[in-house]
Number of protein chains: 2
Amino acid sequence: MQTSEPGLRERKRAETRDKLETAAVTLALRDGVEHATLDAICEAADVSTRTFFNYFDSKEDAILGLKDSAISDEEVSSVLEEHAGADPVELAVRLMFQVLNPSITSSKLLKSRMKIVKQHPELLGRLASQFQRMGEQLTAAIRPVLNSAPGFRDDTPEDFQLSAEVVLALCSGAARAAVKEWATTGNKAPIEAVEERAIALVRKTVERLK
Amino acid sequence: MQTSEPGLRERKRAETRDKLETAAVTLALRDGVEHATLDAICEAADVSTRTFFNYFDSKEDAILGLKDSAISDEEVSSVLEEHAGADPVELAVRLMFQVLNPSITSSKLLKSRMKIVKQHPELLGRLASQFQRMGEQLTAAIRPVLNSAPGFRDDTPEDFQLSAEVVLALCSGAARAAVKEWATTGNKAPIEAVEERAIALVRKTVERLK
DNA sequence: TGCATTCTTGCATGATGTGCATTTTTACGC
DNA sequence: GCGTAAAAATGCACATCATGCAAGAATGCA
């Protein structure tokens with residue numbers, strides 16, 4: 001379980017990935033998302049275009065730094081452990097940000113990415129589809145907590161599944177809104193606060209709609 | 001204000017649109033969404049591929065029958081009028097289904113479309129992006145109602161905008177879930193019930209999370 | 001060193017989508 | 001009907017994205 005020495009192969013892979021992300025972000029910022037072509041990105045990263053798709057599913061994914069739509073069981077467990085006792089909403093949001101980390105919320109590319117998001121908010125749509133693709137994983141992850149919440153417990157499996165999806169949509173929307181707010185308002189708050197902000201947004205909304 | 005005679009031009013346009021939708025749905029059902037190519041669809045519809053894009057933005061849009069991402073002011077007013085006194089949630093959901101009508105919820109293609117959705121649930125992701133693209137319009141539409149709701153009223157404009165987006169995400173997710181449920185469970189309920197179901201889903205979720 | 005695995009690359013291919021100029025079709029006043 | 005203007009359809013060129021496949025290069029490991 002030790003993080004042993006990376007090894008040349010893994011190091012190179014990380015390096016290539018980083019070069020691709022950096023190139024994608026830099027060019028998207030300089031030329032605009034649509035004018036930053038795959039060819040240009042790959043040339044800047046000194047990588048063949050064919051290889052690009054060994055790392056990302058699409059250009060947008062590279063710009064946002066999204067990894068393959070999957071979260072490891074260890075990551076899930078770690079989140080569950082760190083926030084034991086949290087309610088479904090908090091858990092869902094934390095899981096989502098776990099996926100984005102370090103994609104969006106960290107690394108030297110953070111500021112540049114936020115500028116891009118500010119200019120191209122539609123990119124955040126990728127987050128939604130990312131979360132939707134992870135739908136099964138996420139529902140599975142919050143299932144126990146949701147199940148122990150009053151009300152949900154007595155749902156039929158179908159109703160339960162449906163309810164979980166709605167909860168996730170709500171949290172995903174709040175996460176997106178929080179990131180967008182943070183990107184738009186000049187990043188005054190520390191990035192860590194975005195997560196809390198998303199949770200607060202959900203709570204506020206629920207409170208008011210009730 | 002009378003719906004006067006359509007005129008040849010409009011009739012032909014509607015006809016072509018219908019041919020394209022029918023071809024798209026038929027081929028997607030027969031060959032699968034990914035194997036139903038633009039060329040095949042256009043050939044079946046007896047329309048040039050170039051013309052296709054005068055009607056739809058993408059293949060998926062044609063399969064789902066989504067119109068251009070805009071809702072006319074008349075449609076908005078009509079919904080607002082018909083459901084005067086409704087709360088923001090109901091209003092948002094009704095507006096969304098207004099967009100889908102007759103796209104998904106009506107017409108002879110309904111059953112086929114639901115079969116396709118059942119086999120390719122990821123298509124429903126288009127709904128989310130559609131709603132997101134309409135974000136400004138939708139927020140504008142529910143703004144007055146949201147503004148008269150306690151709690152929202154006192155937000156700063158920024159907070160208000162953010163809250164509106166979260167509400168819309170919630171409603172959009174519920175709409176998607178309701179459609180998916182309906183498509184998956186064999187269409188036992190009448191299609192009109194889907195809308196109510198979506199509203200109920202939102203309310204249930206809010207209730208439980210509070 | 002030698003072998004197996006993984007990664008990279010080039011090439012071919014297909015599909016989506018857009019701009020532009022041309023032609024065809026429709027609308028409408030005369 | 002006729003001619004003109006507007007709208008729509010079309011053909012064509014072109015760019016981009018994305019994937020499959022096979023050959024070659026780099027790495028890991030014994």
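FYI, side chains are in, hydrogens and waters are out, and symmetry mates aren't considered; it's all heavy atoms of this structure. In what follows, chains carry the letters A, B, and so on, assigned in the order in which the sequence lines appear, proteins first and then strands, with residues in each chain numbered from 1.
With a 4.5 Å cut-off on side-chain heavy atoms, A:Leu138 and A:Met96 count as touching. A:Arg113 is not listed as a side-chain neighbour of A:Ile63, based on a closest heavy-atom distance of 4.5 Å or more. Side-chain contact between A:Leu124 and A:Leu127 is present, with heavy atoms from C-beta onward closer than 4.5 Å.
Residue pairs meeting the salt bridge (Lys or Arg N to Asp or Glu O under 4.0 Å) criterion with at least one partner in residues 28-41 of chain B, sequence neighbours excluded, are absent. Counting only residues at least two apart or in different chains, salt bridge (Lys or Arg N to Asp or Glu O under 4.0 Å) contacts with residues 155-180 of chain B comprise A:Glu165-B:Lys180, A:Lys180-B:Glu165, A:Arg197-B:Asp159, A:Lys204-B:Asp159, A:Arg208-B:Asp155.
Evaluation of the salt bridge (charged side-chain N to carboxylate O under 4.0 Å, His left out) rule for B:Asp87 yields B:Arg203 as partners, not counting sequence neighbours.
Between B:Asn54 atom CG and C:dT18 atom P there is a gap of 11 Å when expressed in whole angstrom units.
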Worksheet item: Could you run down nucleotides 10-17 of chain C 5' to 3' and tag each one B, S or - for protein heavy-atom contact under 4.0 Å?
Response: BB---SSB
Item to complete: Treat primed atoms plus P, OP1 and OP2 as sugar-phosphate and everything else as base, then score nucleotides 24-30 of chain C 5' to 3': B for base contact with protein heavy atoms under 4.0 Å, S for sugar-phosphate contact only, - for none.
Response: -BBS---
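Atom CZ of A:Arg17 is separated from atom CZ of A:Phe56 by 4.0 Å, given to the nearest 0.5 angstrom. Between the NZ atom in B:Lys108 and the CG atom in B:Leu110 there is a gap of 12.5 Å [rounded to 0.5 Å]. With rounding to the nearest 0.5 Å, the separation of CG in A:Leu95 from CG in A:Leu80 is 6.0 Å.
Along DNA chain D, read 5' to 3', the first and last nucleotides having any atom under 4.0 Å from a heavy atom of chain A are D:dT16 to D:dG28.
Among the atoms of the strands shown, only primed sugar atoms or phosphate atoms (P, OP1, OP2) are found under 4.0 Å from some heavy atom of A:Tyr55.
None of A:Glu196, A:Glu192, A:Glu82 except one satisfies the salt bridge (Lys or Arg N to Asp or Glu O under 4.0 Å) rule with A:Arg94; the exception is A:Glu196.
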